[in-house]
Protein chains: 2
Amino acid sequence: MYGRHWWHGHLRRRGYRVTVPRETIIQVLSDADKHLSVEEIFNEVLKLHPGVGLTTVYRTVELLRNMGFVKKYEFGDGLSRYELEKGSKKPHHHHLVCTRCGKIIDYTDFVDEEVVLLRKVENRLTKKYKFDIKNHQIHFYGICDECK
Amino acid sequence: MYGRHWWHGHLRRRGYRVTVPRETIIQVLSDADKHLSVEEIFNEVLKLHPGVGLTTVYRTVELLRNMGFVKKYEFGDGLSRYELEKGSKKPHHHHLVCTRCGKIIDYTDFVDEEVVLLRKVENRLTKKYKFDIKNHQIHFYGICDECK
DNA sequence: CTCCTTATTGACAATAATTTTCAATAATAA
DNA sequence: TTATTATTGAAAATTATTGTCAATAAGGAG
Ligand SMILES: [Zn+2]
Ligand SMILES: [Zn+2]
Ligand SMILES: [Zn+2]
Ligand SMILES: [Zn+2]
């Protein structure tokens with residue numbers, strides 16, 4: 001097994017083995033700076049290590065999700081997308097989805113009040129519905145510049 | 001064709017025919033006060049008009065979506081859910097999704113600032129990304145009371 | 001390093017949701 | 001009533017995802 005990355009310990013600590021497919025998949029997610037579909041991850045992985053199976057990508061991505069490292073998104077086109085959350089350079093963001101061409105824009109430049117309010121809302125919901133809120137997703141749907 | 005409902009004119013105006021399956025499907029969506037999966041819509045429709053096909057439900061729901069009457073949601077369990085937007089008694093709302101049992105809570109009791117801010121954010125995004133924002137979805141994920 | 005145990009893998013089959021196809025049907029205009 | 005053609009239902013086709021299982025390889029013990 002090659003170099004020790006931050007995820008190495010995380011896997012081992014939970015009794016999971018560090019394998020080539022897993023390392024590669026995390027690598028790919030790590031390099032990408034946006035949500036990838038399983039197919040896209042698979043293609044990137046193949047460039048680095050031909051022979052890794054598609055099934056393994058599904059499995060690994062789900063594993064990482066359970067570990068809380070990866071976030072799963074569904075934007076309405078029938079494909080699930082995955083994005084590294086932990087250890088990612090990319091900070092938390094929200095999405096703009098073009099309903100015509102499917103383009104997705106991430107935006108992170110929140111208005112200050114945005115972040116403050118969101119926290120406030122979360123607290124209120126937590127109390128009111130006794131719901132243990134872990135995270136949120138905010139999508140704005142519309143028509144992008146080119147599609148107009 | 002039975003009674004004239006609000007949607008009758010909308011369909012006709014766009015050159016669509018008013019049919020029993022369509023009337024029934026809209027009826028079902030209209031009576032429901034929450035997002036339904038295609039399967040759920042289908043079952044309700046069968047109670048009113050046995051013989052309507054599942055395919056037609058898929059088609060109609062998509063038609064209504066294109067007409068802007070129905071909103072499509074994906075909460076991450078692989079099923080699409082549909083909810084009447086136009087002509088619905090149910091106002092705009094956001095969602096709380098339990099990642100353990102799948103339960104979904106709608107909440108409409110927004111904090112005042114919530115609505116104001118959201119509008120502000122939308123305006124800013126519209127300008128900045130030249131994106132024509134039509135609507136948004138906000139989901140909070142976590143663990144519900146029973147699942148804790 | 002070598003051997004052993006067993007988690008992990010890849011190929012393939014199996015599901016499940018959604019879409020497509022197409023001949024039969026039924027809504028509307030004439 | 002008749003003609004036109006959008007719409008429908010049934011069945012096949014597609015697509016994303018999950019399950020199965022024998023072969024492989026990671027990591028602990030010696
Ligand atoms: Zn956020
Ligand atoms: Zn676009
Ligand atoms: Zn809202
Ligand atoms: Zn729950």
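Residue numbering restarts at 1 for every chain, and letters A, B, ... go by the order of the sequence lines. In what follows, every heavy atom counts, from backbone to side chain, and hydrogens, waters and symmetry copies are set aside.
- Counting heavy atoms from C-beta on, the side chains of Trp7(B) and Glu23(B) come closer than 4.5 Å.
- Remark on the helix from dC1(C)-dG30(D) to dA30(C)-dT1(D): inter-end axis angle 40°, axes from five-pair C1' superpositions, rounded to 10°.
- Atom-to-atom, CG of Leu79(B) to P of dT15(D) comes out at 20 Å; the value is rounded to the nearest Å.
- Transitive grouping of hydrophobic side chains (ILVMFWY, heavy atoms separated by less than 4.5 Å) brings Ile105(B) and Ile133(A) into a common cluster.
- Within the 4.5 Å cutoff, the side chain of Leu36(B) has no heavy atoms near those of the Glu83(B) side chain.
- Note: CG (Asn66(A)) to P (dT18(D)) measures 11 Å, nearest angstrom.
- A tilted orientation is assigned to the rings of His139(B) and Tyr73(B), their planes being inclined by 30° to 60°.
- Between His10(A) and His8(A), a ring centre-to-centre spacing not shorter than 6.0 Å is recorded.
- Between the CD atom of Glu39(A) and the P atom of dT15(D) there is a distance of 11 Å, rounded to whole Å.
- With Tyr141(B) as the aromatic partner, Arg65(A) does not meet the cation-pi criteria of under 6.0 angstrom to the ring centre and within 45 degrees of the ring axis.
- Checking each of His92(B), His35(B), His94(B) against Asp106(B) for a side-chain contact (heavy atoms from CB on, under 4.5 Å) leaves exactly one that passes, namely His35(B).
- Atom NE2 of His49(A) and atom C1' of dA25(D) are 14 Å apart (whole Å).
- Here the P atom of nucleotide dT17(D) and the CD atom of Glu74(B) are 10 Å apart, to the nearest Å.
- Distance Tyr58(A) OH to dT20(D) P: 18 Å, rounded to the nearest Å.
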Just by protein heavy atoms under 4.0 Å, how would nucleotides 3-11 of chain D read 5' to 3' in B, S and -?
--BBSBBBB
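- For the pair Phe42(A) CZ and dG10(C) P, the interatomic distance rounds to 9 Å; values are reported in whole Å.
- Below 30°, between 30° and 60°, or above 60°: for Phe69(A) and Trp6(A) the angle between ring planes is above 60°, a perpendicular geometry.
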